[in-house]
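Please read the structure below before turning to the comments.
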Amino acid sequence: MIKVLVDGVGGRIVEVEAYHHTDPAAHSYRGETARNAVMFGPPGYVYVYRSYGIHWCMNFVCEAAGSASAVLIRAIEPTDGLPRMRRRRGVSEPRLLCSGPGRLCEALRVTAAHNGLALDSPPFQLLARLKPVEIVVGIRIGITKAVDKPWRYGEKGSRFLSKPFPAS
DNA sequence: TATGAGATCAACT
DNA sequence: GTTGATCTCATAC
């Protein structure tokens, strides 16, 4: 999987979910608003929003401008800046640092200040994967609409997923 | 281990 | 006024 760093801290993306404007579960489903405007812009940008009042969630905008599609980064495998992540998260167990959207954003210190920033300029860095990996697909997590759509993608066998995928 | 509540706020109805 | 792409901690089995 691709590796993402924010200010030098981050790791390999091991779990994402896809959202699209035709998807009832997506923020962009009901059209553009002040919050989701970034999703309607060009790809390669970061969309950050607050969830349940206390957590931040990070998305990468995809496809052409106007399609309002994005991938929610649900989990990464920490590889860079482990000490800083531990300090920010207050936990030492590596697999608890980034195994979930809210955890990941706290570990990378992603906030509304990052909303609308480009993925190819500081503090963001994207690094291509070194080798192909096996991907498993499943249904999405933590949503109440379009629950049956298999738009969750993860690295097979990774120990850093927010939840395990059904055996495949 | 499993289930449940609380935290806390911006956007939407 | 209600809801939510969540997490953590507490209490119950």
request  = Report the C-alpha distance between A:R89 and A:E106 in whole Å, list the side-chain angles of each, state the deciding distance to 0.1 Å, and finish with yes or no for salt bridge (charged side-chain N to carboxylate O under 4.0 Å, His left out).
outcome  = CA-CA 6 Å; A:R89 293 272 298 113; A:E106 186 177 16; 3.1 Å; yes
request  = For A:E15 and A:S158, test the side chains for any donor-to-acceptor distance below 3.5 angstrom and give the result as yes or no.
outcome  = no
task = Provide the distance between the two P atoms, one in B:dG6 and one in C:dT2, to the nearest whole Å.
result = 16 Å
key: Most 5' of A:P101 and A:G53 on DNA chain C, judged by nearest nucleotide   = A:G53
Position toward the 5' end of DNA chain C (nearest nucleotide), A:R103 or A:T144 = A:T144
query = Within the structure shown, what part of the strands sits under 4.0 Å from A:R74 by heavy-atom distance: base, sugar-phosphate, or nothing?
reply = sugar-phosphate
ask   = Base, sugar-phosphate alone, or nothing: which one does A:R89 contact when heavy atoms must sit under 4.0 Å apart?
value = sugar-phosphate
Could you please name the option among [options] that lies closest to any side-chain atom of [X]?
{"X": "A:N59", "options": "C:dA5, B:dA7, B:dC12", "result": "C:dA5"}
{"X": "A:R35", "options": "B:dA11, B:dT8, C:dA5", "result": "B:dA11"}
{"X": "A:R30", "options": "B:dT13, B:dT8, C:dA5", "result": "B:dT13"}
{"X": "A:K145", "options": "C:dT6, C:dG4, B:dC9", "result": "C:dG4"}

inquiry  = Any donor-acceptor pair, under 3.5 Å, between the side chain of A:Y49 and the base of C:dA5, if you only look at N and O atoms?
reply    = yes
key: Check: A:H21 ring centre within less than 6.0 Å of A:F40 ring centre   = no
ask   = What is the minimum heavy-atom distance between A:M39 and A:A70, and which atoms define it?
value = CE-CB, 3.8 Å
ask   = In whole angstroms, how far is the C1' atom of C:dC9 from the CG atom of A:L96?
value = 14 Å
